[in-house]
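Right, one structure below, let's go through it.
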Amino acid sequence: MQLLLIHSDFIEFEAKRPTKLAEEVEDSAKKGRLDEALCAFIAVEKFDEDDTDAVIAEGAKQVADVANQVKANRIMIYPYAHLSSSLSTPATAVKILKGMADVLSENYEVMRAPFGWYKAFTISCKGHPLSELSRSIRLGEGEVVSEALKSEAKAVSYWRVLDLDGNLVDADQFNFEGHTNLQKFANYEISKARAVDKVPPHVELMRRLELVDYEPGSDSGNMRYYPKGRLVKSLLENLVLEKAADMGAMEVETPIMYDMEHPTLKKYLDRFPARQYQIDSDKRKLFLRFAACFGQFLMGHDMSISYKSLPLKMIEMTRYSFRREQRGELVGIRRLRAFTMPDMHTMTRDMYSAIEEFRKQYLASIDVLREAGLEVEDYEVAIRFTQDFYKENQEFIAGLVDIIKKPVLIEMWDERFFYFVLKFEFNFVDTMDKASALSTVQIDVENADRYDINYIDESGARRRPILLHCSPSGAIERVMYAILEKAARLSLQGKLPMLETWLSPTQVRIIPVAERHQERALALAGILGFRTDIDDRDETVGKKIRDAGREWVPYVAVIGDEELQSGQLAVTIRSESTPKSPAKKSMTVDELKERLTGETKGKPWRRLPLAMRLSERPRFI
RNA sequence: GCCUCGGUAGCUCAGCUGGUCCAGAGCGAUUGACUUGUAAUCAAUAGGUCGCGUGUUCGAAUCACGCUCGGGGCUCCA
């Protein structure tokens with residue numbers, strides 16, 4: 001709604017001729033005059049149609065606010081289409097205009113000019129600073145509050161802890177001794193109680209290491225990645241994609257935006273408690289995907305699938321998925337509005353097979369996180385299901401607990417609120433006792449129907465598959481967050497923080513003592529391979545060593561006259577050092593190479609993301 | 001959406017009971033000297049309408065109000 005508000009000495013109108021859209025009015029209403037009145041010229045717009053009651057309330061409030069400011073007791077409601085290029089239907093406009101007049105007439109003397117007539121009018125504007133104002137009202141722009149979001153509050157959860165003996169204990173009865181992180185996680189989930197007043201450590205690290213940074217030019221929660229950050233992220237993405245390929249998943253790519261009015265998608269939006277980014281494109285309303293479900297399910301709908309292809313897996317590394325999280329939820333890279341999520345979907349022939357896949361993907365998720373540097377003790381497990389599902393699959397659930405050999409948090413629902421009957425998540429609990437979900441798998445019993453996805457069984461009959469959603473690692477940014485937080489925790493414990501060698505932007509740094517050693521340094525870098533760089537800046541050795549330490553470089557090799565003589569390298573090994581005493585070792589190039597090969601074997605690889613000579617590198621921060 | 005803190009040089013910040021120590025420091029950048037042996041070599045140079053606007057005042061980075069952007073918290077969290 002567009003409002004133009006004019007404080008007038010008087011406003012006078014006369015309806016001359018009806019247009020096609022004209023509302024029917026008595027002759028007495030065709031003329032009118034108000035003295036000392038606030039005149040509200042109003043254009044009702046397309047998106048006001050979504051919630052007319054709210055628009056009436058807000059519109060009336062805005063007008064009343066201004067009326068109070070200028071101390072006007074009379075209000076003229078005057079339809080004025082020319083304030084907007086995106087008008088509502090006439091019926092809606094009349095409804096809203098009448099509604100506003102009704103509301104305002106409780107406290108003011110209100111007159112309304114008829115809608116849809118050619119009118120002559122005379123207005124005398126007072127000309128003081130507040131006498132001409134305009135307002136735009138756009139209720140809930142960019143926000144569709146889904147039914148799921150609304151109903152979520154109503155879902156009744158029972159919180160339990162499932163221990164290693166298969167006992168399901170009330171969460172508040174459980175003895176958390178020896179399971180402090182699980183307790184923190186449970187508190188976080190159940191009571192939602194937490195008091196934190198510090199910036200989480202990864203925020204400083206992500207910037208200082210020149211990995212990731214805020215981008216003020218975008219929306220909050222949309223980050224920029226510097227070369228080192230892009231490298232780390234890319235390596236993690238590839239790790240997950242490789243793992244998915246090992247599981248037999250086919251990589252696909254799907255659009256990042258979809259039509260809001262698409263019937264299937266519309267229904268799905270209502271089942272997913274997330275806020276969307278909306279885009280107005282010409283006549284269409286589009287939303288940015290918050291996962292890859294749509295693309296893959298729409299693809300699945302069009303596919304011809306034989307039972308022979310099942311279980312059938314597709315994965316997309318969604319760069320990006322978008323969720324318009326509330327402003328205050330965003331912290332560093334823990335929670336973002338644009339994030340990279342590996343999203344894999346599996347079609348299985350029946351629940352039996354779905355459960356089997358669930359278990360495999362549970363194991364695969366543990367593997368992926370371990371390879372990324374997060375062990376089972378670094379996260380807590382939550383398993384959520386409906387009562388019915390648990391009754392039928394009690395032993396299966398207990399088996400999941402056996403695999404990780406520690407108690408897990410259980411959330412149980414009387415009835416199914418969402419599209420899934422069973423899900424697990426791995427939650428990282430950080431030094432500030434905040435929990436965030438990493439890997440997750442869900443068994444979906446709804447969307448095969450919704451998207452009309454079928455496979456043909458042995459007898460030639462069309463059957464509905466059971467679907468699984470899986471993010472083997474969770475959002476890649478969040479894995480980076482967890483890795484950095486874990487490093488920060490180590491450094492609190494007096495250890496030297498570092499990224500694993502395969503993830504380190506610089507794997508080996510060669511420090512020539514004087515200019516005459518640079519040639520050898522260059523030759524060595526060539527022989528070594530890996531991500532080896534050379535600190536050829538005009539600085540002292542001490543300074544270069546310090547800088548390499550600040551960058552968390554795993555191997556630092558100093559080259560001087562001695563090394564030229566002996567052919568050995570003086571290598572400082574970060575993983576074996578402590579803040580007080582660096583672990584220095586003399587080794588040959590081959591020995592170093594062997595070490596690196598061992599530490600990076602089977603892991604994704606990318607070349608150095610920056611110039612090999614440090615003297616040629618720009619600074620990003 | 002609410003609460004709270006903040007915006008001064010590329011970065012981190014000091015100054016903020018209003019007035020030639022107010023426009024500063026360290027880091028970084030540039031230039032020069034040094035050719036260096038394991039956590040900061042020395043010196044010089046360049047860089048800022050102190051977030052924007054309005055007001056108070058003889059005078060505003062400093063006080064007031066409004067706006068804006070950002071951090072954190074709450075709410076929220078698949």
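Quick caveat: nothing in here was measured; it's all calculated off a predicted structure. Values below: all heavy atoms of this structure, side chains included; hydrogens, waters and symmetry mates excluded. In what follows, every chain begins at residue 1, and chains take the letters A, B, ... in the order their sequences are listed.
Using atom P as the reference point in both B:C67 and B:U45, the two lie 45 Å apart (nearest Å). The gap from the P atom of B:U38 to that of B:A14 amounts to 36 Å, rounded to the nearest Å. Between the P atoms of B:C13 and B:G71, the separation comes to 14 Å (whole Å). Using P as the reference atom, B:G1 and B:U56 are 32 Å apart when rounded to the nearest Å. When the C1' atom is compared between B:A61 and B:G48, the two are found 11 Å apart, to the nearest whole Å. As rounded to the nearest Å, B:A33 and B:A39 have P atoms that lie 27 Å from one another. B:G47 sits 14 Å from B:A25 when the P atoms are compared, rounded to a whole Å. Separating the C1' atom of B:C74 from that of B:U17 is a span of 34 Å, rounded to the nearest Å.
Side-chain proximity of A:Arg207 to the nucleotides B:U12, B:G73, B:U38 is greatest for B:U12. When distances are taken from the side chain of A:Thr572 to each of B:A39, B:C77, B:U38, the shortest belongs to B:U38. If you check B:G72, B:U38, B:A39 against the side chain of A:Ala570, the one that comes closest is B:U38.
Summarising the geometry, the separation between CD on A:Gln568 and P on B:G37 is reported as 21 Å, rounded to the nearest angstrom. Here the P atom of nucleotide B:C74 and the CZ atom of A:Arg335 are 13 Å apart, to the nearest Å. The separation between A:Asp213 atom CG and B:G71 atom C1' is 13 Å, rounded to whole Å. Distance, A:Asn427 CG to B:A78 P: 10 Å, rounded to whole Å. Rounded to a whole Å, the CZ atom of A:Arg337 is 12 Å from the C1' atom of B:C76. Taking atom CZ of A:Phe294 as the reference point, atom C1' of B:A78 lies 13 Å away to the nearest angstrom. Atom NZ in A:Lys580 sits about 19 Å away from atom P in B:U38, given to the nearest Å. Following rounding to the nearest Å, A:Asp444 (CG) and B:A78 (C1') show an atom-to-atom distance of 12 Å.
Around the CD atom of A:Glu519, the shell of radius 6.0 Å holds no more than 12 heavy atoms that belong to other residues, nucleotides or ligands. Atom CD of A:Gln565 has 12 or fewer heavy atoms from other residues, nucleotides or ligands within 6.0 Å. The number of heavy atoms from other shown groups lying within 6.0 Å of CZ (A:Arg230) is above 12.
If you run ring-ring contact (aromatic ring centres under 6.0 Å, His included) between A:His469 and each of A:Phe420, A:Phe297, A:Phe424, only A:Phe297 comes through. Between A:Tyr258 and the options A:Phe290, A:Phe294, A:Phe322, a ring-ring contact (aromatic ring centres under 6.0 Å, His included) holds for only A:Phe294.
An OP1 or OP2 oxygen of B:A78 is reached within less than 4.0 angstrom by no side-chain nitrogen or oxygen of A:Arg323. Residue A:Tyr214 has a polar side-chain atom (N or O) positioned under 4.0 Å from OP1 or OP2 of B:G72.
Within the nucleic acid shown, A:Glu562 comes within 4.0 Å of at least one base atom, counting heavy atoms only. A:Gly560 comes within contact range of at least one nucleobase, with a heavy-atom separation under 4.0 Å. A:Gly332 comes within 4.0 angstrom of the backbone, heavy atoms only, and of no base.
Legend: side chain to side chain donor-acceptor pair (under 3.5 Å) pairs involving residues 539-548 of chain A, not counting sequence neighbours, sorted by first then second residue: A:Arg537-A:Asp547.
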Under 4.0 Å protein heavy-atom contacts per nucleotide of nucleotides 26-36 of chain B, with B for base, S for backbone only and - for none: --S----BBBB
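With hydrogens and angles ignored, a donor-acceptor pair closer than 3.5 Å exists between the side chain of A:Glu563 and the base of B:G37.
Taking syn as a glycosidic angle within 90° of 0, B:G47 qualifies as syn.
Distance OG1/A:Thr318 to CZ/A:Phe339: 6.5 Å, rounded to 0.5 Å.
Side chain of A:Ser471 to backbone of A:Ser439: no donor-acceptor contact under 3.5 angstrom is found. Within the 3.5 Å criterion, the main-chain N or O of A:Asp536 finds no donor-acceptor partner in the side chain of A:Ser615.
With the 3.5 Å cutoff on both pairing distances, Watson-Crick and G-U pairs in RNA chain B assemble into runs of at least 3 at B:1-7 with B:68-74, B:10-13 with B:24-27, B:29-33 with B:41-45, B:51-55 with B:63-67.
Ranked by how close their nearest RNA chain B nucleotide is to the 5' end, A:Phe620 and A:Ala437 are led by A:Phe620. Of the two residues near RNA chain B, A:Arg478 and A:Ile545, the one whose nearest nucleotide lies more 5' is A:Ile545.
Using a 4.5 Å cut-off on side-chain heavy atoms (C-beta onward), A:Asp533 and A:Arg613 make no contact. A 4.5 Å side-chain heavy-atom check between A:Arg335 and A:Arg478 finds at least one atom pair inside the cut-off. Considering only heavy atoms from C-beta on, A:Arg416 comes within 4.5 Å of A:Val445 through its side chain.
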